[in-house]
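Okay, structure first, notes after.
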Amino acid sequence: MDIKLVEARIEAILFTMGEAVELDRLALAIDHDEDTTRKIIRNMMDKYDDESRGIHIIELDGAYQLCTKASMYESIIKITHIPKKHVLTDVLLETLSIVAYKQPITRLQIEEIRGVKSDHPINKLLEYNLICELGRMDAPGRPILFGTTEEFLRSFGLQSLDSLPAINPEKLEDFKLEAEEEAEQLTLDI
Amino acid sequence: MDIKLVEARIEAILFTMGEAVELDRLALAIDHDEDTTRKIIRNMMDKYDDESRGIHIIELDGAYQLCTKASMYESIIKITHIPKKHVLTDVLLETLSIVAYKQPITRLQIEEIRGVKSDHPINKLLEYNLICELGRMDAPGRPILFGTTEEFLRSFGLQSLDSLPAINPEKLEDFKLEAEEEAEQLTLDI
Amino acid sequence: MSIRVKLEAFEGPLDLLLHLIDKNKINIYDIPIVEITDQYLDYIKQMEEKNLEIMSEFLVMAATLINIKSRMLLPAVETEDEQDADPRQELVDKLLEYKMFKYVSEKLRDKQENASRILFKPPTIPKEIADYKEEIDVNELIGDLTLSKLHEIFSSIVKKQSDKIDPIRSKFGKIEQEEINLSDIFIQIQEYGIKNKIFYFRNLLEQQSTKMEIIVTFLGILELIRLGRIRIEQEHMFDDIRITYLASDIITMEEAGF
């Protein structure tokens, strides 16, 4: 099959669907195997990088979605009002980070890290579809396990969970040094 | 201004708006006069004619809209007809069992039993036509009451909704005991 | 009241503790536990018993701090065991972990900020195609699920629920926590009145919705009418009540002799 036609089909499908389309469904629709489909899409992604294009394809956990480039934002808001997304409070963001890095995680484990009851933020994050239930833990009481959703990846511009900002041990060292420096400063001041 | 950037902006605007955008609004958004804007768009239209593109710009009474090419129709039908994989996850099964045995039941009552917000599994079960709304509870806020569908019951070999109340937990226990007694009887008979 | 507002700014005991450590420019690995415990308890004292649930969480941390403090004050036992851990260690670990998540949540905030500049397009599936809906095959969906399996799942959930209920105390009936502070609401109505002059009863209820809060707000309104501090109008029965605030100052419940 002509590769150009396949590209056209993928573009048309992604445009029409609007939402993220899984690789396996795309492959079926264009009658190619998944590996070939992935290669074609990767190639298309490069073409969209051209500066005359205002849209591009993003990858979300093995699914693909068409969206505008971030740099186009200013021009778009000139012509239309864009409703603000949910602004996440510190509490929600903190709870969400814990779920993102520690998933699958139970409510109790979240509360242990935060040191405070967390029903409210957990329910809000469920409501915003940023976290979801993954199932139940095989432990006494069979507590619910939480994890992040595709919407979480999209809202934070992440390709997959692997692209979460890294928590590295060095950072912890930095905190330690900072604290020590501050302590030293204090002694000097006195 | 760089012509490529202007093209990108027009593409991004048309993509986001979805509907037809009048020339004068487009011209304002990209800071060019209408004639220049029209020329740029016409030029873009030629580019979209390339066979590797699945979408193009159409002109409608002095307004412009981004849409899929007519030749892409078959591919779009194809993807929408590829059935999504529907799976009853643990979360769904759990919610379904609560509705089955406690119906009619409100969302809040389900959430009390599960200990977590349950909009998502309830919506999924509704989509799968396994549960349905039975009416509203005569209580403050008149909450919706959920129950299982006839289709759900039929697939379990039950004739109608009326036959479900008989399947209460005690009854099942009775069945089990009966079966065991019968089995014992059988051994004695031999 | 200002103190309470300040305290509510802390998300929890760990947050407050981090704030104190920050404020005192303390090395997190070498917390002067005596000092911090005292400061922490000072904060707790200012909290009053506004919200029992929040309060209890702060108190648990206070107990932990006092426990560590007392262990630190005891003369160090000379042992060969080098692993005789610093009693502060567990707390330090917790604080560091918490601090780490506060740090990454800021990074995530930036990411979200950037991602919010990307826009998507709703599906535009032609109507005749959208109307075609793949029938969801319930039989296939249910697969080999049987009623007894469903019952098993149900029983395990219900069992778990009954495990959580204390059989004796559950018979005591529901104990509602007194969350509404009448004098606070009385002041709030007046503050709202000074700011808005003319407003509606429903405006007052926008932020509070429990039955108890509505009743208390209504009582407050009645009291303000009695004192001649507001004027109310209602054209028809069940219409929203229009309130005109006449006074220019605020009086407390004690002053009003409520």
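Every chain is numbered from 1, with letters handed out A, B, ... down the list of sequences.
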Taking everything shown except [X] itself, do over 12 heavy atoms lie less than 6.0 Å from its [atom1]?
X	atom1	result
A:D138	CG	no
A:K102	NZ	no
B:D61	CG	no
A:K39	NZ	no

Identify which of [options] forms the greatest number of heavy-atom pairs closer than 4.5 Å to chain A.
options	result
B:E51, B:E7, B:K69	B:E51
B:I55, B:I13, B:I10, B:D90	B:I55
B:L28, B:T89, B:L66	B:L66
B:R53, B:K78, B:M72	B:R53

Practice problem: Would you please test B:E151 and B:N129 for side-chain hydrogen bond (donor to acceptor under 3.5 Å, both in side chains) and show each step? | Solution: CA-CA 8 Å; B:E151 209 173 338; B:N129 197 27; 2.6 Å; yes
[X], part contacting chain B, at a heavy-atom distance under 4.5 Å:
X	answer
A:I144	side chain
A:E74	neither
A:M17	side chain

Exercise. Go through A:C132, A:G54, A:G135, A:S71 and name the one with the most non-hydrogen pairs under 4.5 angstrom from chain B.
Key: A:G54
Exercise. Go through A:L126, A:N123, A:T68 and name the one with the most non-hydrogen pairs under 4.5 angstrom from chain B.
Key: A:N123
Practice problem: Answer yes or no: is there a side-chain heavy-atom contact under 4.5 Å between B:V91 and B:R114? | Solution: yes
Exercise. Check whether B:K47 gets within reach of chain A through its side chain, its backbone, both or neither, counting any heavy atom under 4.5 Å.
Key: side chain
Practice problem: Please round to the nearest 0.5 Å and tell me the distance separating atom CG of B:L26 and atom CD1 of B:I41. | Solution: 5.0 Å
